[in-house]
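Notes follow the structure.
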2 protein chains.
Amino acid sequence: MSVKILVVDDEVAICNMLEMALINAGYEAKSVYNGKDVMAALADMQPDLVLLDWMLPGMSGIEVARLIKQEPSFRELPIIMLTARTEEDSKVTGLESGADDYVTKPFSLRELMSRIKAVLRRRSPTLLDQQLVQGDLIMDVLSQRVIAYDREIPLGPTEYKLLEFFMRNPDRVFSREQLLNRVWGTNVYVEDRTVDVHILRLRKALKPADLSHLIVTVRGSGYRLAKA
Amino acid sequence: MSVKILVVDDEVAICNMLEMALINAGYEAKSVYNGKDVMAALADMQPDLVLLDWMLPGMSGIEVARLIKQEPSFRELPIIMLTARTEEDSKVTGLESGADDYVTKPFSLRELMSRIKAVLRRRSPTLLDQQLVQGDLIMDVLSQRVIAYDREIPLGPTEYKLLEFFMRNPDRVFSREQLLNRVWGTNVYVEDRTVDVHILRLRKALKPADLSHLIVTVRGSGYRLAKA
DNA sequence: AGAAATATGACAGCTATATGACAACGCCTT
DNA sequence: AAGGCGTTGTCATATAGCTGTCATATTTCT
């Protein structure tokens, strides 16, 4: 579960391009193509940042920004405005309406990426250079490595995601179905029992550090990560 | 034993979507696709809330709601109506027929979820609690653990469910039959005496914490949890 | 004491989970 | 394009843990 970014732009091509670039940069990305789907998407995806086009059919980017900031639970959500205008006044309006930064089209991906990083660093520093710590386990999200007692624990991609999810939700029991939804992603059809196997693999990987007991089976319910 | 929600909608896709979202939110979810299966599903699953589509093939949602409310044991069961109509009169009819709330399609998942929470909070506040406390006993529902004096008390699945039920209904006496119905679930055919055995096991588990006296035998009636 | 209800220990069957093996797949490198 | 490497999902099988029932002991009430 990495940093999630919601793209709001009516041009599908741009959305696709951005999505690809963002995913490439290690983010999780999703797009909506008009203002009225934004709130639903926010609730659904719970993004950590929004890229918001200035010009949207039906509802302007500013209106959308205001709408977002109006919702208490999203007041803190950082917004970066994308706009074709270069006029000073639009910049002012944009920032006034609650945007955290402002990128003019055409922009270089490089610039966009660094602005995203800057905004994230300013608004939610923990997301970027976050180290997840549970007891003796340290997960470095940026380098995607897991360390215990100064030794790296090699993990396959799925085991890594599984452990990350557990470390972000320690001590709570999750059913196999919940794990499939939240680690594998929705609309993935996989056997429930597959979770068992990956739990096994995760435990095996943790074994050399003698930490396999951290993954606790809750019979009849699922699994949880033992809190330190 | 988490919060259980029954979805009644003839569109399988919507049911699946809802189920997934609900499970993701930590509920237990199940769907039926027409009105005539509802009563059986109620008896089988004993849900804590019903999401009921207004338009159903054969039997309207209102009829189903009436049917549910007509059954004494389900009179208290909260119902949220899902409907495409926005007219005021349908809302009135819906609420008159016994629905507790009313969500118009298309709805955002976020809205639906918050309405579910609201209804649950209103109708069965204890269900939402994440920590149940009775005297020195603490039950953490999310991690499915029971703690007394900083020490974890290991419980088997049935003992856990049994204790959870008692902690949600403290000080009240339940007959063996009632316990079987509410802890084991209906249409489970089990000997009455089996309850005794699980009470014994629960007491044994509580013994190390010297709390086995919390489970009180009410001769001729059943058992109850001693209030702190 | 005698009857009725409950407590307790043992156990056989069953269910859920753990584990090892494997074939398919995707991704490099060649 | 082919071959190698690591990863993934599924299955079959092994294990472990739980469940319900019974027989018997103990308690409680009349």
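Between F165(A) and F174(A), a ring centre-to-centre spacing shorter than 6.0 Å is recorded.
Within 4.0 Å (heavy atoms only), T217(A) reaches sugar-phosphate atoms of the nucleic acid but no base atom.
Following rounding to the nearest Å, L200(B) (CG) and dT8(C) (P) show an atom-to-atom distance of 5 Å. Protein atom CG of L202(A) is 12 Å distant from nucleotide atom P of dA18(C), rounded to whole Å. The separation between R193(B) atom CZ and dG9(C) atom C1' is 16 Å, rounded to whole Å. When the C1' atom of dA4(C) is taken as reference, atom CG of D196(B) falls 13 Å away, rounded to whole Å. Rounded to an integer number of Å, the gap from E191(A) CD to dT19(C) C1' is 17 Å.
In this structure, K204(B) does not reach the dA7(C) phosphate: none of its side-chain N or O atoms is under 4.0 Å from OP1 or OP2.
Side-chain proximity of Y223(B) to the nucleotides dA7(C), dA16(C), dG20(C) is greatest for dA7(C). Side-chain proximity of R201(A) to the nucleotides dG9(C), dT19(C), dC22(C) is greatest for dC22(C).
Y160(B) and R145(B) are not linked by any side-chain donor-acceptor pair at a separation below 3.5 angstrom, with hydrogens and angles left out of the test.
Evaluation of atom-type donor-acceptor distances gives no pair under 3.5 Å for the side chain of R203(B) against the base of dA7(C).
The span of DNA chain D lying next to chain B, judged by atoms under 4.0 Å from heavy atoms, is bounded 5' to 3' by dC18(D) to dC29(D).
Two residues, R219(B) and V197(B), neighbour DNA chain C, and the one matched to the more 5' nucleotide by heavy-atom proximity is R219(B).
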- Decide yes or no on side-chain contact (heavy atoms from CB on, under 4.5 Å) for L137(B) and M167(B), but give the supporting numbers first. CA-CA 9 Å; L137(B) 258 193; M167(B) 290 186 77; 4.1 Å; yes
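We find that R115(B) and D101(B) are joined by a salt bridge, their nearest charged nitrogen and carboxylate oxygen being less than 4.0 Å apart. Ion pairing between E164(B) and R168(B) holds under the 4.0 Å rule for side-chain N and carboxylate O. Ion pair E19(B)/K30(B) not flagged as a salt bridge, since none of the NZ, NE, NH1 or NH2 atoms sits closer than 4.0 Å to an Asp/Glu carboxylate oxygen.
In this structure, Q178(B) contributes its side chain and S175(B) its backbone to a donor-acceptor pair below 3.5 Å.
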